[in-house]
Amino acid sequence: KKEDEIYSWEDWNNWLMLKNDFIAELLGCPLCLGFWSSVIISNLVANINELDYKFILAGAFTWPLIAFVFYKKLEK
């Protein structure tokens, strides 16, 4: 189809946001993307190193917060 032709990163981003609400929310919200990325990464680290589930909770809430603080500081 003509409307599905994608030529640039912006075209792909717009197409993806229109096709999938979940992906659109992740790409549109840096804090959401950081949270879910850190949940996945901390889950992998915890499972590989046989750590407690508390590590996953700590990673899920601290890493995105640190990234968000840096983002806001650099934005100014």
Side-chain angles (χ1 to χ4, degrees):
K1 289 188 217 177
K2 185 74 170 163
E3 68 222 22
D4 287 341
E5 292 183 15
I6 299 169
Y7 297 108
S8 67
W9 174 257
E10 188 175 328
D11 291 341
W12 179 80
N13 193 15
N14 291 336
W15 177 82
L16 192 59
M17 286 187 163
L18 292 173
K19 295 291 182 184
N20 190 324
D21 291 337
F22 179 72
I23 301 285
E25 182 68 27
L26 284 180
L27 292 177
C29 173
L31 194 57
C32 300
L33 181 60
F35 174 77
W36 288 112
S37 299
S38 64
V39 166
I40 292 168
I41 292 169
S42 62
N43 194 0
L44 290 173
V45 170
N47 286 332
I48 289 170
N49 296 314
E50 298 177 0
L51 300 173
D52 195 17
Y53 72 93
K54 294 174 190 168
F55 178 80
I56 299 169
L57 293 175
F61 294 108
T62 55
W63 296 339
L65 180 62
I66 291 169
F68 185 70
V69 167
F70 278 121
Y71 174 74
K72 286 298 182 183
K73 288 287 185 188
L74 293 174
E75 186 179 53
K76 292 181 181 179

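Positions are given from 1 along the sequence.
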Closest approach of G59 to S42 (non-hydrogen atoms, all atoms of both residues): CA-CB, 4.3 Å
With sequence neighbours excluded, residues passing side-chain contact (heavy atoms from CB on, under 4.5 Å) with I40: L44
Apart from F70 itself, residues in the same hydrophobic cluster as defined by side-chain heavy atoms under 4.5 Å: I66
F61 to L57 - nearest heavy-atom pair and separation: CD1-O, 3.1 Å
Please list every donor-acceptor pair under 3.5 Å in which a side-chain atom of residues 46-56 meets a protein atom from a residue at least two apart or in another chain.
unit_1: N47; atom_1: ND2; unit_2: N43; atom_2: O; d: 3.2
unit_1: N47; atom_1: ND2; unit_2: N43; atom_2: OD1; d: 2.9
unit_1: N49; atom_1: ND2; unit_2: V45; atom_2: O; d: 3.2

